[in-house]
Number of protein chains: 2
Amino acid sequence: MPDETQDFNPLSLDNQLCFPLYAASRELTRHYKPFLDPLGLTYPQYVTMMALWEHDEVKVGELGERVHLDSATLTPLLKRLEARGYVSRRRSTTDERAVIVSLTNEGRDLREKALSVPSCIANCISMDPSEAVQLKALLEKLIGSLA
Amino acid sequence: MPDETQDFNPLSLDNQLCFPLYAASRELTRHYKPFLDPLGLTYPQYVTMMALWEHDEVKVGELGERVHLDSATLTPLLKRLEARGYVSRRRSTTDERAVIVSLTNEGRDLREKALSVPSCIANCISMDPSEAVQLKALLEKLIGSLA
DNA sequence: CGTTAATATCTTGTGTGCGATTATCTAAGG
DNA sequence: CCTTAGATAATCGCACACAAGATATTAACG
């Protein structure tokens, strides 16, 4: 019988919020891989493309704010997307410091092929939809609380 | 006025569970840094140490199962912890394939200094404790559902 | 106009993550 | 024994992630 009065261990993995958050993020990312491989995208690239499908012709900094990545991560990632032919990068003519990221036709077309990805992932998650919605809301609340 | 009948966009970042999960994980990790720097630990190293503080003298594979990391990530991470003097690695005498990871005295002592970290982080999260508990439960459910 | 501060991106260095491969060792069968 | 299948880490290659610093441009101010 476990002793109910035993000391609470603040460093136990089972008492941490950070640990399941960290593990869940990587586990979910791993599950995207088989669906993203045919598109020639990694998971961070997929997230970046989703942001661009919503709104392109944006500066690197604006894009980074949207996906919570800084330019040190985005610059090489965008260069790889450019090499793939999905995006183009050009200096702004009005502000030579800024780089404008836009979708190529191929990048725009890729969206059609990506449309089925969310439902493929949904099938991998045997979780009540209402719970998934609740989880998403709590995660967004956490992000807001950390800002 | 937004049109309530407009098409649902499955690829909108705002409709994804993966995106806030990915962002929240990195944001939270970032918030650990100022508290982990004085300990000489990165966030994944901290997680690994927490697992070892609970139970050391374990094989690399067992440790990896606990923290959801494979040997390609753990081996160099453990070598850095070894270089720091926090852990030791030795081949098992009974099974020469296995490497046993154990804490050094210095590694064990580090736990005392780390005891305050969880409460420091808790202070950073302006979130109802019951919501945090709920979030943790939902994350664990998600991990289980993906397994 | 010239100097300085602010902005925006890029580069470099360190440390993960993980797929794929390799090397070593154990165990099981013949 | 010997071969072989399975187990276990380590290694390699590529792609993030981010701090810190470098570079280039713009804006602000006297």
Side-chain angles (χ1 to χ4, degrees), chain A residues 18-19 21-34 36-37 39-49 58-84 86-87 89-101, chain B residues 18-19 22-34 36-37 39-49 58-65 67-84 86-87 89-101:
Chain A
C18 63
F19 177 63
L21 182 57
Y22 172 60
S25 178
R26 280 179 296 111
E27 289 294 344
L28 188 55
T29 298
R30 206 172 313 188
H31 279 73
Y32 271 89
K33 188 168 166 41
L36 296 182
D37 277 348
L39 306 181
L41 294 176
T42 65
Y43 179 77
Q45 289 169 6
Y46 170 66
V47 171
T48 303
M49 290 298 286
V58 287
K59 292 192 280 188
V60 172
E62 292 167 355
L63 189 56
E65 206 169 323
R66 180 78 167 119
V67 299
H68 296 255
L69 290 172
D70 72 359
S71 72
T73 302
L74 270 182
T75 297
L77 185 154
L78 289 169
K79 283 184 179 176
R80 281 185 285 266
L81 287 177
E82 189 177 38
R84 278 260 173 203
Y86 294 152
V87 307
R89 297 156 64 249
R90 64 170 195 280
R91 289 276 163 191
S92 165
T93 50
T94 58
D95 184 346
E96 290 273 343
R97 294 169 303 182
V99 169
I100 308 294
V101 183
Chain B
C18 64
F19 177 63
Y22 173 62
S25 178
R26 279 178 298 110
E27 289 294 346
L28 188 55
T29 299
R30 207 172 308 185
H31 279 72
Y32 271 89
K33 187 167 167 42
L36 296 181
D37 277 348
L39 306 182
L41 293 176
T42 65
Y43 179 77
Q45 289 168 7
Y46 170 67
V47 171
T48 303
M49 289 299 285
V58 287
K59 291 191 280 189
V60 172
E62 291 167 355
L63 189 57
E65 205 169 324
V67 298
H68 296 254
L69 290 173
D70 73 358
S71 74
T73 302
L74 270 181
T75 297
L77 186 155
L78 289 169
K79 283 184 177 176
R80 282 185 282 268
L81 287 177
E82 188 177 37
R84 279 259 173 202
Y86 294 152
V87 308
R89 297 158 62 249
R90 65 171 195 282
R91 287 278 164 190
S92 166
T93 49
T94 58
D95 185 345
E96 289 275 341
R97 293 168 305 182
V99 169
I100 308 295
V101 183

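In what follows, every heavy atom counts, from backbone to side chain, and hydrogens, waters and symmetry copies are set aside. The sequence lines fix the lettering, A, B, ..., with proteins before strands; numbering per chain opens at 1.
With sequence neighbours excluded, the residues satisfying side chain to side chain donor-acceptor pair (under 3.5 Å) with A/Thr94 are A/Ser92. For A/Arg84, there are no salt bridge (Lys or Arg N to Asp or Glu O under 4.0 Å) partners at least two apart in sequence or on another chain. Scanning for side chain to side chain contact (heavy atoms under 4.5 Å, CB included) contacts around A/Arg91 gives A/Glu96, A/Val99, with sequence neighbours left out.
Sorted by first and then second residue, the pairs that involve residues 59-78 of chain A and meet salt bridge (charged side-chain N to carboxylate O under 4.0 Å, His left out), not counting sequence neighbours, are A/Glu54-A/Arg66, A/Arg66-B/Asp14. For residues 22-32 of chain B, the set of pairs meeting the side-chain hydrogen bond (donor to acceptor under 3.5 Å, both in side chains) definition, not counting sequence neighbours, comprises A/His68-B/Glu27.
Nucleotides of DNA chain D that come within less than 4.0 Å of any heavy atom of chain B span, from the 5' end to the 3' end, D/dG6 to D/dA19.
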Requested in this report: Determine, for nucleotides 6-19 of chain C in 5'-to-3' order, which nucleotides have protein heavy atoms under 4.0 Å from the base (write B), from only the sugar-phosphate (write S), or from neither (write -).
Outcome: BBSSBB---SBBBB

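Each end of the helix from C/dC1-D/dG30 to C/dG30-D/dC1 gets its own axis, taken as the rotation carrying the C1' atoms of four end pairs onto the next four within a five-pair window, and the two axes meet at 0° to the nearest 10 degrees.
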For residues 41-49 of chain A, tabulate all N or O donor-acceptor pairs below 3.5 Å that involve a side-chain atom, not counting sequence neighbours.
{"from": "A/Thr42", "atom 1": "OG1", "to": "A/Gln45", "atom 2": "N", "distance (Å)": "3.3"}
{"from": "A/Tyr43", "atom 1": "OH", "to": "B/Cys18", "atom 2": "O", "distance (Å)": "3.2"}
{"from": "A/Gln45", "atom 1": "OE1", "to": "A/Thr42", "atom 2": "N", "distance (Å)": "3.1"}
{"from": "A/Thr48", "atom 1": "OG1", "to": "A/Pro44", "atom 2": "O", "distance (Å)": "2.8"}

Output side-chain donor-acceptor pairs under 3.5 Å for residues 75-82 of chain A, partner residues at least two apart or in another chain, one line each.
{"from": "A/Thr75", "atom 1": "OG1", "to": "A/Ser71", "atom 2": "O", "distance (Å)": "2.9"}
{"from": "A/Glu82", "atom 1": "OE1", "to": "A/Arg89", "atom 2": "NH1", "distance (Å)": "3.2"}
{"from": "A/Glu82", "atom 1": "OE2", "to": "A/Arg89", "atom 2": "N", "distance (Å)": "3.4"}

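Inter-residue side-chain proximity for B/Val60 and B/Leu63 is flagged as unmet; no heavy-atom pair is nearer than 4.5 Å.
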Kindly give the atom pairs (protein nitrogen or oxygen, nucleotide nitrogen or oxygen) under 3.5 Å for nucleotides 21-23 of chain C.
none

